Amino acid sequence: MGTGMLTIDLGALVRNWQALDAISGAHVETAAVVKANGYGLGAGEVANALANAGARVFFVATAEEGAALRHALGAGPDIRVLAGHMEGDTALIRDHGLTPMLNSAAQFHRHQNALPGHPYGIQLDTGMNRLGIEPGDWGEMRATIAPDAPVLVMSHLACADEPLHGQNTAQLEEFTAMTEGMDCPRSLSATGGILLGPQFHFDMTRPGVGMYGGLPFEAAEPVVRVSLPVIQTRELSPGETVGYGASWTADETVQIATVSGGYADGLIRRMSNNARLFAGDVACPLAGRVSMDLLTVDVSHLGEVPDALDILCPHQTVDQLAERAGTIGYEILTQLSQRYTRRYVAPDA
Ligand SMILES: *Cc1c(COP(=O)(O)O)cnc(C)c1O
């Protein structure tokens with residue numbers, strides 16, 4: 001088979017969610033963020049594994065994602081839409097039983113007019129300046145909203161992956177002030193905020209990346225493995241070059257393996273001459289530029305070239321690979337292509 005293999009360990013995913021649930025505390029509900037197709041890993045598979053482990057609330061980015069997730073999960077779990085109630089979303093929200101997190105007075109009025117009595121939450125902007133109702137507008141709006149009417153009031157931290165950043169406590173104070181007197185569940189923290197301590201947890205936490213094995217949850221178990229088949233191997237003499245732009249030159253006699261996988265698979269070009277692949281425990285450097293479907297790897301030091309080399313594995317996590325490519329683990333995960341053959345390892349396997 002010439003296609004790379006993406007193995008997704010749903011058992012590790014569930015254990016990561018359970019660990020974040022334990023840190024969140026006994027009286028706090030731990031939701032699960034499965035936007036962007038479950039950070040690229042398959043929202044349906046991911047959410048079903050988490051639902052079986054006890055997760056009851058799922059967050060997606062858009063109503064379209066919510067509809068697809070409802071189809072995968074069936075009736076029962078609570079599906080919440082971070083983009084809120086956009087124009088054109090009404091039928092999706094009604095027909096699939098989605099709960100929009102309303103981000104503005106305009107969204108609030110759209111929701112009240114289109115679907116009176118349909119559940120909603122409120123997203124507040126406490127300083128990230130991205131989504132949510134701003135303090136000034138909220139001051140006017142909240143007089144018109146019964147304190148127990150929303151299913152949730154939430155906000156999002158901008159700097160939670162930097163525990164000492166002053167904006168964390170500033171947003172905590174703003175959130176506490178803005179939600180004072182509300183009589184509904186409150187939520188401020190994603191993965192990073194869970195790790196900042198109990199004062200950030202309120203009634204519900206919303207982990208995403210940590211479940212998928214990414215930083216800032218350092219204790220996370222790796223969830224993904226990407227194995228790329230070796231198509232052929234060749235010997236180069238000193239002075240010969242490899243790949244587009246001839247950017248890598250052999251300074252001695254070397255063995256180069258060409259493997260199936262490239263920037264079309266989310267193995268971005270910035271990894272060129274920088275990332276490594278693994279033959280078991282042994283690191284093998286990329287030699288030359290990443291091309292669309294192929295990588296070239298220096299395997300000179302291997303006694304025997306295996307049938308496949310790993311680019312994501314316990315020796316090179318999504319964050320370690322991201323660092324070699326000048327990006328973050330979130331981007332590596334969500335760019336993993338649909339071309340891989342996907343294999344899910346069931347939690348009880
Ligand atoms: C993406 C997102 C999350 C999850 O964030 P992680 O850092 O992946 O844990 C939680 N809440 C909101 C509003 C988000 O946009």
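Note that the structure is predicted; figures quoted are calculated from it, not measured. Atoms within a ligand are numbered from 1 in the order they appear, just like the ligands themselves. By convention here, the first residue in the shown sequence is residue 1. Just so it is clear, the values below take in all heavy atoms, side chains as well, and ignore hydrogens, waters and symmetry mates.
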Asks: So what's ligand 1 close to, N/O to N/O, under 3.5 Å?
Replies:
residue, atom, partner, partner atom, Å
ligand 1, 7 (O), Tyr330, OH, 2.6
ligand 1, 8 (O), Tyr39, OH, 2.5
ligand 1, 8 (O), Val209, N, 2.7
ligand 1, 9 (O), Thr191, N, 2.9
ligand 1, 9 (O), Thr191, OG1, 2.5
ligand 1, 9 (O), Gly208, N, 2.8
ligand 1, 9 (O), Val209, N, 3.4
ligand 1, 11 (N), His156, ND1, 3.4
ligand 1, 11 (N), Arg206, NE, 3.0
ligand 1, 11 (N), Arg206, NH2, 3.2
ligand 1, 15 (O), Lys35, NZ, 2.7
ligand 1, 15 (O), Arg130, NH2, 3.4

Asks: Between side-chain atoms of residues 128-138 and protein atoms elsewhere (two or more places apart, or another chain), which donor-acceptor pairs fall under 3.5 Å?
Replies:
residue, atom, partner, partner atom, Å
Trp138, NE1, Met178, O, 2.8

Asks: Just by distance, with hydrogens left out, do Arg110 and Gln112 show a side-chain donor and acceptor under 3.5 Å apart?
Replies: no
Asks: Would you say the side chain of Phe200 lies within less than 4.5 Å of the side chain of Leu157, judging by non-hydrogen atoms?
Replies: yes
Asks: Is there a side-chain contact between Leu82 and Val60 (heavy atoms, below 4.5 Å)?
Replies: no
Asks: Show every donor-acceptor pair shorter than 3.5 Å between a side-chain atom in residues 236-259 and any protein atom, with sequence neighbours excluded, or say none if there are none.
Replies:
residue, atom, partner, partner atom, Å
Glu240, OE2, Ser237, N, 2.8
Ser247, OG, Asn273, ND2, 3.2
Gln255, NE2, Glu235, OE1, 3.1

Asks: For residues 61-109, which residue pairs qualify under ring pair (Phe, Tyr, Trp, His ring centres under 6.0 Å), counting only residues two or more places apart or in two chains?
Replies: His85-His111, Phe108-Tyr120
